[in-house]
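Numbered from 1 within each chain, the chains take letters A, B, ... in sequence-line order. FYI, side chains are in, hydrogens and waters are out, and symmetry mates aren't considered; it's all heavy atoms of this structure.
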Number of protein chains: 2
Amino acid sequence: MARTAPPRVLLVEDEPAQRAVLAYNLEAEGFDVIQADNGEDALLLVSEEAPDIIILDWMMPKLSGIEVCRRLKMRPETRGIPIIMLSARAEEVDKIRGLETGADDYVVKPYSVLELMARARAQLRRVRPSTAGVVLEHEDIRLDPESHRVFRGEKSLKLGPTEFKLLVTLLERPGRVFSREQLLDLVWGRDIYVDTRTVDVHVGRLRKSLMQHGGSDPVRTVRGAGYALG
Amino acid sequence: MARTAPPRVLLVEDEPAQRAVLAYNLEAEGFDVIQADNGEDALLLVSEEAPDIIILDWMMPKLSGIEVCRRLKMRPETRGIPIIMLSARAEEVDKIRGLETGADDYVVKPYSVLELMARARAQLRRVRPSTAGVVLEHEDIRLDPESHRVFRGEKSLKLGPTEFKLLVTLLERPGRVFSREQLLDLVWGRDIYVDTRTVDVHVGRLRKSLMQHGGSDPVRTVRGAGYALG
DNA sequence: TTCATTTGTTACATAATCGTCGCAGGACTG
DNA sequence: CAGTCCTGCGACGATTATGTAACAAATGAA
(Lines give C-alpha, C1' and ligand atoms only; values in the text may rest on other atoms or scores of the structure.)
Protein backbone atom coordinates (compact mmCIF):
# COMPACT_ATOMS: atom_id res chain seq x y z
CA MET A 1 0.00 0.00 0.00
CA ALA A 2 1.50 3.31 -1.07
CA ARG A 3 1.46 5.65 1.91
CA THR A 4 2.05 9.26 2.56
CA ALA A 5 3.42 10.21 5.96
CA PRO A 6 1.84 8.09 8.67
CA PRO A 7 -1.25 9.67 10.21
CA ARG A 8 -0.64 11.26 13.60
CA VAL A 9 -3.05 10.49 16.37
CA LEU A 10 -3.27 12.31 19.66
CA LEU A 11 -4.35 9.88 22.33
CA VAL A 12 -5.77 11.46 25.46
CA GLU A 13 -6.53 9.04 28.27
CA ASP A 14 -5.67 9.39 31.92
CA GLU A 15 -5.66 5.71 32.75
CA PRO A 16 -2.12 4.52 32.00
CA ALA A 17 -2.94 0.90 31.30
CA GLN A 18 -5.69 1.65 28.82
CA ARG A 19 -3.55 4.28 27.17
CA ALA A 20 -0.71 1.83 26.82
CA VAL A 21 -2.90 -0.77 25.17
CA LEU A 22 -4.35 1.69 22.72
CA ALA A 23 -1.03 3.29 21.93
CA TYR A 24 0.44 -0.10 21.28
CA ASN A 25 -2.33 -1.07 18.92
CA LEU A 26 -2.37 2.24 17.14
CA GLU A 27 1.34 2.06 16.57
CA ALA A 28 0.99 -1.47 15.31
CA GLU A 29 -1.55 -0.11 12.81
CA GLY A 30 0.96 2.38 11.53
CA PHE A 31 -0.19 5.46 13.38
CA ASP A 32 2.19 7.97 14.85
CA VAL A 33 1.01 8.19 18.44
CA ILE A 34 1.24 11.26 20.66
CA GLN A 35 0.08 10.69 24.19
CA ALA A 36 -1.42 12.88 26.88
CA ASP A 37 -2.95 11.97 30.20
CA ASN A 38 -4.96 15.11 30.81
CA GLY A 39 -6.92 17.73 28.96
CA GLU A 40 -4.54 20.63 29.45
CA ASP A 41 -1.61 18.83 27.91
CA ALA A 42 -3.90 17.70 25.15
CA LEU A 43 -4.75 21.27 24.19
CA LEU A 44 -1.09 22.20 24.14
CA LEU A 45 -0.13 19.18 22.09
CA VAL A 46 -2.78 19.85 19.51
CA SER A 47 -1.03 23.07 18.52
CA GLU A 48 2.46 21.72 18.87
CA GLU A 49 2.05 18.41 17.14
CA ALA A 50 -0.74 19.03 14.65
CA PRO A 51 -2.31 15.60 14.90
CA ASP A 52 -4.57 14.30 12.15
CA ILE A 53 -7.06 12.82 14.56
CA ILE A 54 -7.76 12.85 18.29
CA ILE A 55 -8.95 10.03 20.49
CA LEU A 56 -10.30 11.50 23.66
CA ASP A 57 -11.40 9.92 26.89
CA TRP A 58 -14.49 11.44 28.39
CA MET A 59 -13.67 11.22 32.06
CA MET A 60 -10.44 12.91 33.00
CA PRO A 61 -9.14 14.98 35.87
CA LYS A 62 -8.92 18.75 35.40
CA LEU A 63 -10.26 19.33 31.92
CA SER A 64 -12.78 16.70 30.89
CA GLY A 65 -12.84 15.31 27.41
CA ILE A 66 -16.05 17.15 26.75
CA GLU A 67 -14.47 20.46 27.60
CA VAL A 68 -11.40 19.75 25.49
CA CYS A 69 -13.61 18.78 22.62
CA ARG A 70 -15.69 21.92 22.87
CA ARG A 71 -12.66 24.17 22.91
CA LEU A 72 -11.05 22.47 19.96
CA LYS A 73 -14.18 22.70 17.91
CA MET A 74 -14.38 26.44 18.63
CA ARG A 75 -10.94 27.31 17.33
CA PRO A 76 -11.13 27.46 13.54
CA GLU A 77 -7.63 26.10 13.04
CA THR A 78 -8.40 22.91 14.94
CA ARG A 79 -12.04 22.34 14.28
CA GLY A 80 -11.35 20.25 11.22
CA ILE A 81 -9.51 17.61 13.21
CA PRO A 82 -11.79 14.66 13.80
CA ILE A 83 -12.35 13.67 17.41
CA ILE A 84 -13.42 10.27 18.62
CA MET A 85 -14.73 10.24 22.17
CA LEU A 86 -14.43 7.28 24.48
CA SER A 87 -17.08 6.89 27.10
CA ALA A 88 -17.71 4.33 29.75
CA ARG A 89 -21.37 3.59 29.20
CA ALA A 90 -23.75 3.70 26.30
CA GLU A 91 -26.10 6.16 28.00
CA GLU A 92 -23.27 8.62 28.26
CA VAL A 93 -23.02 8.82 24.52
CA ASP A 94 -26.48 10.32 24.43
CA LYS A 95 -25.44 12.76 27.10
CA ILE A 96 -22.37 13.79 25.17
CA ARG A 97 -24.39 14.10 22.02
CA GLY A 98 -26.87 16.26 23.85
CA LEU A 99 -24.09 18.57 24.92
CA GLU A 100 -23.28 19.13 21.28
CA THR A 101 -19.61 18.97 21.82
CA GLY A 102 -19.06 18.29 18.18
CA ALA A 103 -17.22 15.03 18.48
CA ASP A 104 -17.21 13.17 15.20
CA ASP A 105 -17.72 9.71 16.59
CA TYR A 106 -18.26 7.93 19.87
CA VAL A 107 -17.02 4.61 21.08
CA VAL A 108 -18.34 2.93 24.17
CA LYS A 109 -16.06 1.12 26.58
CA PRO A 110 -15.33 -1.69 26.63
CA TYR A 111 -14.70 -1.36 22.93
CA SER A 112 -13.16 -3.69 20.44
CA VAL A 113 -9.77 -2.31 19.58
CA LEU A 114 -10.35 -3.33 15.99
CA GLU A 115 -13.53 -1.34 15.89
CA LEU A 116 -11.84 1.72 17.25
CA MET A 117 -9.11 1.39 14.64
CA ALA A 118 -11.68 1.03 11.91
CA ARG A 119 -13.51 4.15 13.06
CA ALA A 120 -10.31 6.12 13.31
CA ARG A 121 -9.44 5.14 9.77
CA ALA A 122 -12.93 6.01 8.64
CA GLN A 123 -12.66 9.50 10.14
CA LEU A 124 -9.28 9.97 8.54
CA ARG A 125 -10.61 8.96 5.18
CA ARG A 126 -13.40 11.43 5.62
CA VAL A 127 -11.30 14.52 6.25
CA ARG A 128 -8.01 13.74 4.69
CA PRO A 129 -8.20 14.06 0.94
CA SER A 130 -4.88 12.33 0.62
CA THR A 131 -6.53 9.24 1.94
CA ALA A 132 -10.12 10.04 1.13
CA GLY A 133 -9.75 10.53 -2.60
CA VAL A 134 -7.29 7.76 -2.99
CA VAL A 135 -8.62 4.54 -4.30
CA LEU A 136 -7.88 1.38 -2.42
CA GLU A 137 -5.75 -0.89 -4.53
CA HIS A 138 -4.34 -4.32 -4.41
CA GLU A 139 -2.80 -5.98 -7.43
CA ASP A 140 -5.35 -5.52 -10.19
CA ILE A 141 -8.25 -4.65 -7.91
CA ARG A 142 -9.18 -1.00 -7.56
CA LEU A 143 -11.92 0.34 -5.33
CA ASP A 144 -13.00 3.95 -5.18
CA PRO A 145 -14.86 4.54 -1.92
CA GLU A 146 -16.16 7.86 -3.18
CA SER A 147 -17.93 6.64 -6.26
CA HIS A 148 -18.56 3.18 -4.85
CA ARG A 149 -17.04 1.62 -7.90
CA VAL A 150 -14.81 -1.41 -8.18
CA PHE A 151 -12.56 -2.43 -11.03
CA ARG A 152 -10.63 -5.52 -11.80
CA GLY A 153 -8.06 -4.50 -14.35
CA GLU A 154 -10.09 -2.46 -16.82
CA LYS A 155 -13.41 -4.11 -16.24
CA SER A 156 -15.95 -2.59 -13.91
CA LEU A 157 -17.45 -4.95 -11.35
CA LYS A 158 -20.85 -5.05 -9.80
CA LEU A 159 -20.90 -5.87 -6.10
CA GLY A 160 -23.66 -6.09 -3.56
CA PRO A 161 -23.52 -3.82 -0.49
CA THR A 162 -22.14 -6.45 1.83
CA GLU A 163 -19.62 -7.64 -0.72
CA PHE A 164 -18.51 -4.06 -1.11
CA LYS A 165 -17.98 -3.46 2.61
CA LEU A 166 -16.24 -6.76 2.87
CA LEU A 167 -13.87 -5.85 0.09
CA VAL A 168 -13.20 -2.44 1.62
CA THR A 169 -12.27 -4.08 4.88
CA LEU A 170 -9.97 -6.60 3.29
CA LEU A 171 -8.51 -3.95 1.02
CA GLU A 172 -7.60 -1.73 3.94
CA ARG A 173 -5.04 -4.24 5.05
CA PRO A 174 -4.09 -6.50 2.21
CA GLY A 175 -2.44 -9.65 3.42
CA ARG A 176 -3.81 -9.46 6.90
CA VAL A 177 -5.92 -12.40 7.97
CA PHE A 178 -9.30 -11.50 9.42
CA SER A 179 -11.19 -14.02 11.48
CA ARG A 180 -14.86 -14.49 10.78
CA GLU A 181 -15.63 -12.77 14.06
CA GLN A 182 -13.51 -9.77 13.15
CA LEU A 183 -15.22 -9.50 9.80
CA LEU A 184 -18.61 -9.67 11.45
CA ASP A 185 -17.52 -6.84 13.73
CA LEU A 186 -16.12 -4.70 10.97
CA VAL A 187 -18.57 -5.35 8.17
CA TRP A 188 -21.84 -6.15 9.86
CA GLY A 189 -21.40 -4.33 13.16
CA ARG A 190 -20.90 -5.75 16.59
CA ASP A 191 -24.43 -5.88 17.92
CA ILE A 192 -25.94 -7.80 15.05
CA TYR A 193 -26.26 -11.49 15.58
CA VAL A 194 -25.50 -13.47 12.50
CA ASP A 195 -23.94 -16.84 12.18
CA THR A 196 -20.22 -16.78 11.48
CA ARG A 197 -20.80 -19.12 8.57
CA THR A 198 -22.64 -16.31 6.84
CA VAL A 199 -19.24 -14.76 6.33
CA ASP A 200 -18.31 -17.77 4.23
CA VAL A 201 -21.27 -17.27 1.98
CA HIS A 202 -20.48 -13.62 1.39
CA VAL A 203 -16.84 -14.34 0.81
CA GLY A 204 -17.99 -16.84 -1.77
CA ARG A 205 -20.18 -14.22 -3.40
CA LEU A 206 -17.39 -11.69 -3.31
CA ARG A 207 -15.11 -14.22 -4.95
CA LYS A 208 -17.58 -14.87 -7.72
CA SER A 209 -18.06 -11.16 -8.28
CA LEU A 210 -14.34 -10.53 -8.38
CA MET A 211 -13.88 -13.30 -10.89
CA GLN A 212 -16.93 -12.56 -13.03
CA HIS A 213 -14.69 -11.48 -15.90
CA GLY A 214 -12.04 -14.10 -15.28
CA GLY A 215 -8.85 -13.82 -13.32
CA SER A 216 -7.54 -15.72 -10.38
CA ASP A 217 -9.06 -15.87 -6.93
CA PRO A 218 -7.61 -12.96 -4.94
CA VAL A 219 -9.06 -14.08 -1.62
CA ARG A 220 -6.97 -16.43 0.42
CA THR A 221 -8.62 -18.84 2.82
CA VAL A 222 -6.57 -19.57 5.91
CA ARG A 223 -7.94 -22.75 7.35
CA GLY A 224 -8.78 -22.41 11.00
CA ALA A 225 -8.10 -18.68 10.96
CA GLY A 226 -10.06 -16.66 8.45
CA TYR A 227 -9.68 -14.82 5.15
CA ALA A 228 -7.19 -12.41 3.65
CA LEU A 229 -6.49 -10.62 0.42
CA GLY A 230 -3.42 -11.84 -1.42
CA MET B 1 -12.22 -11.96 18.45
CA ALA B 2 -9.60 -14.56 17.94
CA ARG B 3 -6.93 -14.26 20.55
CA THR B 4 -3.48 -15.57 20.79
CA ALA B 5 -2.84 -17.45 24.00
CA PRO B 6 -3.23 -15.16 27.02
CA PRO B 7 0.08 -14.14 28.56
CA ARG B 8 1.06 -16.26 31.53
CA VAL B 9 2.40 -14.53 34.58
CA LEU B 10 4.14 -16.23 37.48
CA LEU B 11 3.36 -14.33 40.63
CA VAL B 12 5.74 -14.95 43.52
CA GLU B 13 4.75 -13.30 46.78
CA ASP B 14 4.71 -14.82 50.23
CA GLU B 15 2.10 -12.56 51.73
CA PRO B 16 -1.27 -14.19 50.91
CA ALA B 17 -3.38 -11.06 50.95
CA GLN B 18 -1.14 -9.11 48.62
CA ARG B 19 -0.81 -12.09 46.36
CA ALA B 20 -4.58 -12.46 46.19
CA VAL B 21 -5.09 -8.82 45.27
CA LEU B 22 -2.51 -8.96 42.55
CA ALA B 23 -3.73 -12.27 41.19
CA TYR B 24 -7.24 -10.92 41.03
CA ASN B 25 -6.21 -7.85 39.14
CA LEU B 26 -3.93 -9.70 36.80
CA GLU B 27 -6.67 -12.14 35.94
CA ALA B 28 -9.09 -9.31 35.38
CA GLU B 29 -6.60 -7.93 32.88
CA GLY B 30 -6.61 -11.20 31.00
CA PHE B 31 -3.44 -12.72 32.34
CA ASP B 32 -3.16 -16.37 33.13
CA VAL B 33 -1.85 -16.36 36.68
CA ILE B 34 0.38 -19.00 38.25
CA GLN B 35 1.08 -18.44 41.93
CA ALA B 36 3.91 -19.32 44.27
CA ASP B 37 4.60 -18.22 47.82
CA ASN B 38 8.29 -18.98 47.99
CA GLY B 39 11.38 -18.97 45.84
CA GLU B 40 11.84 -22.70 45.58
CA ASP B 41 8.40 -23.32 44.18
CA ALA B 42 8.96 -20.40 41.88
CA LEU B 43 12.01 -21.98 40.32
CA LEU B 44 10.15 -25.22 39.79
CA LEU B 45 7.13 -23.52 38.29
CA VAL B 46 9.23 -21.58 35.85
CA SER B 47 10.29 -24.77 34.13
CA GLU B 48 6.93 -26.45 34.43
CA GLU B 49 4.69 -23.63 33.38
CA ALA B 50 6.79 -21.57 31.04
CA PRO B 51 5.45 -18.19 32.11
CA ASP B 52 5.82 -15.19 29.88
CA ILE B 53 6.71 -12.86 32.71
CA ILE B 54 7.53 -13.11 36.41
CA ILE B 55 6.51 -10.78 39.19
CA LEU B 56 8.78 -11.40 42.10
CA ASP B 57 8.68 -10.15 45.65
CA TRP B 58 12.01 -9.21 47.12
CA MET B 59 11.58 -10.35 50.69
CA MET B 60 10.66 -13.97 50.99
CA PRO B 61 11.46 -16.87 53.31
CA LYS B 62 13.98 -19.46 52.10
CA LEU B 63 15.06 -18.23 48.70
CA SER B 64 14.83 -14.47 48.41
CA GLY B 65 13.58 -12.82 45.26
CA ILE B 66 17.06 -11.61 44.54
CA GLU B 67 18.42 -15.11 44.62
CA VAL B 68 15.62 -16.47 42.44
CA CYS B 69 16.20 -13.67 39.98
CA ARG B 70 19.90 -14.30 39.82
CA ARG B 71 19.45 -17.99 39.20
CA LEU B 72 16.87 -17.47 36.49
CA LYS B 73 19.04 -14.97 34.71
CA MET B 74 21.92 -17.42 34.74
CA ARG B 75 20.08 -20.24 33.00
CA PRO B 76 20.02 -19.50 29.27
CA GLU B 77 16.59 -21.00 28.73
CA THR B 78 14.95 -18.72 31.26
CA ARG B 79 16.99 -15.57 31.02
CA GLY B 80 14.74 -14.16 28.34
CA ILE B 81 11.73 -14.09 30.64
CA PRO B 82 11.24 -10.57 31.98
CA ILE B 83 11.23 -10.19 35.75
CA ILE B 84 9.61 -7.38 37.67
CA MET B 85 10.82 -7.08 41.24
CA LEU B 86 8.65 -5.78 44.03
CA SER B 87 10.43 -4.10 46.89
CA ALA B 88 9.22 -2.46 50.03
CA ARG B 89 11.07 0.82 50.02
CA ALA B 90 12.63 3.03 47.43
CA GLU B 91 16.11 2.72 48.89
CA GLU B 92 15.95 -0.98 48.39
CA VAL B 93 15.63 -0.57 44.68
CA ASP B 94 19.06 0.98 44.63
CA LYS B 95 20.33 -1.92 46.65
CA ILE B 96 18.82 -4.45 44.28
CA ARG B 97 20.18 -2.58 41.32
CA GLY B 98 23.56 -2.61 42.93
CA LEU B 99 23.36 -6.35 43.25
CA GLU B 100 22.96 -6.64 39.53
CA THR B 101 20.41 -9.32 39.69
CA GLY B 102 19.29 -8.57 36.19
CA ALA B 103 15.67 -7.78 36.93
CA ASP B 104 14.02 -5.96 34.07
CA ASP B 105 12.00 -3.53 36.12
CA TYR B 106 11.38 -2.56 39.74
CA VAL B 107 8.21 -1.46 41.44
CA VAL B 108 8.18 0.02 44.90
CA LYS B 109 5.55 -0.89 47.46
CA PRO B 110 3.07 0.44 48.03
CA TYR B 111 2.54 0.41 44.31
CA SER B 112 -0.44 1.23 42.19
CA VAL B 113 -1.86 -1.95 40.79
CA LEU B 114 -2.50 -0.16 37.54
CA GLU B 115 1.09 0.89 37.31
CA LEU B 116 2.25 -2.63 37.85
CA MET B 117 -0.07 -3.84 35.09
CA ALA B 118 1.22 -1.24 32.72
CA ARG B 119 4.80 -2.19 33.45
CA ALA B 120 4.04 -5.85 33.04
CA ARG B 121 2.46 -5.19 29.69
CA ALA B 122 5.37 -3.02 28.68
CA GLN B 123 7.77 -5.82 29.44
CA LEU B 124 5.64 -8.29 27.54
CA ARG B 125 5.54 -6.04 24.53
CA ARG B 126 9.28 -5.77 24.71
CA VAL B 127 9.99 -9.47 24.58
CA ARG B 128 6.87 -10.81 22.93
CA PRO B 129 6.14 -8.91 19.81
CA SER B 130 4.00 -11.75 18.56
CA THR B 131 0.69 -9.97 18.66
CA ALA B 132 1.00 -7.47 15.85
CA GLY B 133 2.99 -6.24 12.97
CA VAL B 134 6.16 -7.92 13.93
CA VAL B 135 7.61 -10.88 12.16
CA LEU B 136 8.93 -13.79 14.16
CA GLU B 137 12.29 -14.92 12.89
CA HIS B 138 14.85 -17.54 13.64
CA GLU B 139 17.71 -18.27 11.29
CA ASP B 140 16.10 -18.70 7.88
CA ILE B 141 12.58 -19.18 9.19
CA ARG B 142 10.24 -16.21 9.04
CA LEU B 143 6.65 -16.17 10.30
CA ASP B 144 4.26 -13.26 10.00
CA PRO B 145 1.42 -13.75 12.48
CA GLU B 146 -0.69 -11.09 10.85
CA SER B 147 -0.78 -12.60 7.40
CA HIS B 148 -0.36 -16.13 8.71
CA ARG B 149 2.52 -16.71 6.35
CA VAL B 150 5.64 -18.74 6.87
CA PHE B 151 8.83 -18.65 4.85
CA ARG B 152 11.96 -20.69 4.85
CA GLY B 153 14.51 -18.58 3.07
CA GLU B 154 12.59 -17.36 0.04
CA LYS B 155 10.17 -20.24 -0.22
CA SER B 156 6.71 -19.99 1.16
CA LEU B 157 5.60 -22.88 3.33
CA LYS B 158 2.21 -24.42 3.80
CA LEU B 159 1.42 -25.41 7.37
CA GLY B 160 -1.66 -26.80 9.01
CA PRO B 161 -3.27 -24.85 11.86
CA THR B 162 -1.67 -26.88 14.62
CA GLU B 163 1.73 -26.83 12.96
CA PHE B 164 1.39 -23.10 12.67
CA LYS B 165 0.57 -22.56 16.33
CA LEU B 166 3.32 -24.92 17.32
CA LEU B 167 5.83 -23.00 15.26
CA VAL B 168 4.63 -19.69 16.69
CA THR B 169 5.16 -21.03 20.18
CA LEU B 170 8.62 -22.33 19.49
CA LEU B 171 9.50 -19.20 17.56
CA GLU B 172 8.52 -16.96 20.43
CA ARG B 173 11.44 -18.32 22.38
CA PRO B 174 14.00 -19.82 20.09
CA GLY B 175 16.35 -22.13 21.93
CA ARG B 176 14.07 -22.69 24.82
CA VAL B 177 13.08 -26.27 25.49
CA PHE B 178 9.37 -26.91 25.84
CA SER B 179 8.14 -30.10 27.43
CA ARG B 180 5.32 -31.94 25.74
CA GLU B 181 3.02 -30.87 28.54
CA GLN B 182 3.92 -27.24 28.08
CA LEU B 183 3.32 -27.47 24.38
CA LEU B 184 -0.05 -29.07 24.96
CA ASP B 185 -0.93 -26.18 27.22
CA LEU B 186 0.31 -23.50 24.90
CA VAL B 187 -0.79 -24.89 21.56
CA TRP B 188 -3.83 -26.99 22.31
CA GLY B 189 -5.14 -25.16 25.36
CA ARG B 190 -5.08 -25.94 29.01
CA ASP B 191 -8.24 -27.97 29.43
CA ILE B 192 -8.05 -30.20 26.37
CA TYR B 193 -7.11 -33.77 26.97
CA VAL B 194 -4.91 -35.28 24.33
CA ASP B 195 -2.12 -37.77 24.64
CA THR B 196 1.31 -36.22 25.00
CA ARG B 197 2.54 -38.43 22.19
CA THR B 198 0.34 -36.41 19.88
CA VAL B 199 2.87 -33.65 20.28
CA ASP B 200 5.47 -35.93 18.74
CA VAL B 201 3.35 -36.50 15.70
CA HIS B 202 2.76 -32.83 15.15
CA VAL B 203 6.39 -32.00 15.69
CA GLY B 204 7.10 -34.59 13.03
CA ARG B 205 4.61 -32.96 10.69
CA LEU B 206 6.06 -29.54 11.42
CA ARG B 207 9.52 -30.86 10.64
CA LYS B 208 8.38 -32.27 7.35
CA SER B 209 6.66 -29.01 6.45
CA LEU B 210 9.70 -26.96 7.37
CA MET B 211 11.90 -29.16 5.25
CA GLN B 212 9.52 -29.53 2.31
CA HIS B 213 11.87 -27.47 0.14
CA GLY B 214 15.04 -28.91 1.61
CA GLY B 215 17.20 -27.53 4.38
CA SER B 216 18.23 -28.93 7.70
CA ASP B 217 15.98 -29.86 10.58
CA PRO B 218 15.57 -26.75 12.72
CA VAL B 219 13.80 -28.54 15.56
CA ARG B 220 15.97 -29.99 18.25
CA THR B 221 14.82 -32.98 20.26
CA VAL B 222 15.95 -32.97 23.86
CA ARG B 223 15.66 -36.50 25.03
CA GLY B 224 13.68 -36.78 28.20
CA ALA B 225 12.80 -33.10 28.13
CA GLY B 226 11.00 -31.95 25.01
CA TYR B 227 11.60 -29.89 21.88
CA ALA B 228 13.22 -26.60 21.01
CA LEU B 229 14.06 -24.50 18.01
CA GLY B 230 17.75 -24.32 17.13
C1' DT C 1 26.68 -56.03 23.34
C1' DT C 2 21.92 -56.31 25.09
C1' DC C 3 18.00 -54.41 26.87
C1' DA C 4 14.73 -50.91 28.15
C1' DT C 5 13.15 -46.53 27.06
C1' DT C 6 12.32 -42.83 24.25
C1' DT C 7 11.45 -40.93 19.90
C1' DG C 8 10.24 -40.97 14.63
C1' DT C 9 6.98 -42.36 11.21
C1' DT C 10 3.13 -44.25 8.95
C1' DA C 11 -1.60 -45.48 8.35
C1' DC C 12 -6.27 -44.93 9.27
C1' DA C 13 -10.76 -43.74 11.22
C1' DT C 14 -12.88 -39.76 12.81
C1' DA C 15 -13.77 -35.04 13.14
C1' DA C 16 -13.67 -30.36 11.73
C1' DT C 17 -13.66 -26.89 8.25
C1' DC C 18 -14.86 -25.00 3.96
C1' DG C 19 -17.35 -24.04 -0.63
C1' DT C 20 -21.54 -24.01 -2.70
C1' DC C 21 -26.38 -24.45 -3.67
C1' DG C 22 -31.12 -23.46 -3.04
C1' DC C 23 -34.68 -21.38 -0.56
C1' DA C 24 -37.56 -18.19 2.09
C1' DG C 25 -38.18 -13.84 3.74
C1' DG C 26 -37.34 -8.78 3.41
C1' DA C 27 -36.30 -4.46 1.17
C1' DC C 28 -36.51 -1.71 -2.54
C1' DT C 29 -38.03 -0.17 -7.31
C1' DG C 30 -40.65 0.95 -11.04
C1' DC D 1 -48.43 -4.48 -6.90
C1' DA D 2 -45.24 -7.46 -9.31
C1' DG D 3 -40.57 -7.93 -10.02
C1' DT D 4 -35.81 -7.70 -8.71
C1' DC D 5 -32.16 -7.83 -5.70
C1' DC D 6 -30.11 -8.93 -1.43
C1' DT D 7 -29.64 -11.40 2.84
C1' DG D 8 -29.04 -15.10 6.14
C1' DC D 9 -29.43 -19.83 6.95
C1' DG D 10 -29.49 -24.83 6.61
C1' DA D 11 -27.72 -28.72 4.17
C1' DC D 12 -24.70 -31.45 1.51
C1' DG D 13 -20.39 -33.08 -0.31
C1' DA D 14 -15.51 -32.53 -0.73
C1' DT D 15 -11.40 -31.54 1.28
C1' DT D 16 -8.26 -31.20 4.98
C1' DA D 17 -6.76 -31.77 9.63
C1' DT D 18 -6.55 -34.46 13.94
C1' DG D 19 -5.57 -37.98 17.39
C1' DT D 20 -4.30 -42.56 18.27
C1' DA D 21 -2.32 -46.93 17.75
C1' DA D 22 1.20 -49.71 15.90
C1' DC D 23 5.60 -50.45 14.50
C1' DA D 24 10.45 -49.01 13.34
C1' DA D 25 14.48 -46.61 14.64
C1' DA D 26 17.38 -44.27 17.96
C1' DT D 27 19.40 -43.52 22.16
C1' DG D 28 21.49 -44.40 26.54
C1' DA D 29 22.62 -47.47 30.43
C1' DA D 30 24.46 -51.63 32.32
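In this structure, Arg152(B) pairs ionically with Asp140(B), as a charged nitrogen and a carboxylate oxygen lie closer than 4.0 Å.
Nearest heavy atoms, Leu170(A) versus Ala228(A): CD2-CA, 4.5 Å. Pairing each heavy atom of Glu181(B) with each of Thr196(B), the nearest pair is OE2-CG2, 3.8 Å. For Ala23(B) against Gln35(B), the heavy-atom pair with the smallest separation is CB-NE2, 3.4 Å.
Applying the 3.5 Å distance criterion, the base of dT17(C) shares a donor-acceptor pair with the side chain of Arg223(A).
Applying the 4.0 Å criterion to OP1 and OP2 of dT6(C), one finds that Thr221(B) has every side-chain N and O outside that range. A close approach under 4.0 Å does not occur between any side-chain nitrogen or oxygen of Tyr227(A) and OP1 or OP2 of dT17(C).
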*Start with the C-alpha distance between Val187(A) and Val168(A), add both sets of side-chain angles, then the distance that settles side chain to side chain contact (heavy atoms under 4.5 Å, CB included), and finish with yes or no.*
CA-CA 9 Å; Val187(A) 176; Val168(A) 168; over 6 Å; no
*Take Val177(A) and Arg220(A) through the test side chain to side chain contact (heavy atoms under 4.5 Å, CB included) and record every step on the way to the result.*
CA-CA 9 Å; Val177(A) 175; Arg220(A) 178 167 52 109; 4.1 Å; yes
*Report the C-alpha distance between Leu159(B) and Leu167(B) in whole Å, list the side-chain angles of each, state the deciding distance to 0.1 Å, and finish with yes or no for side chain to side chain contact (heavy atoms under 4.5 Å, CB included).*
CA-CA 9 Å; Leu159(B) 306 190; Leu167(B) 182 57; 3.8 Å; yes
*Could you check Val12(B) against Leu45(B) for side chain to side chain contact (heavy atoms under 4.5 Å, CB included), going step by step and ending with a plain yes or no?*
CA-CA 10 Å; Val12(B) 193; Leu45(B) 286 169; over 6 Å; no
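Atom-to-atom, CG of Asp195(B) to P of dT9(C) comes out at 18 Å; the value is rounded to the nearest Å. Atom-to-atom, NE2 of His202(B) to C1' of dT7(C) comes out at 16 Å; the value is rounded to the nearest Å. As rounded to whole Å, 10 Å separates atom P of dT20(C) from atom CG of Asp200(A).
Using a 4.0 Å heavy-atom criterion, one finds that Arg207(B) contacts the sugar-phosphate atoms exclusively. Within 4.0 Å of Val199(B), counting heavy atoms only, lies no atom of the nucleic acid at all. Using a 4.0 Å heavy-atom distance criterion, Lys208(A) is classed as making no nucleic acid contact.
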Using a cut-off of under 3.5 Å, enumerate the N/O to N/O pairs linking the protein to nucleotides 22-27 of chain C.
none

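Under the 30°/60° scheme for interplanar angles, the aromatic rings of His202(B) and Trp188(B) are found to stand perpendicular.
Along DNA chain D, the stretch of nucleotides lying under 4.0 Å from any heavy atom of chain A spans, 5' to 3', dC6(D) to dA17(D).
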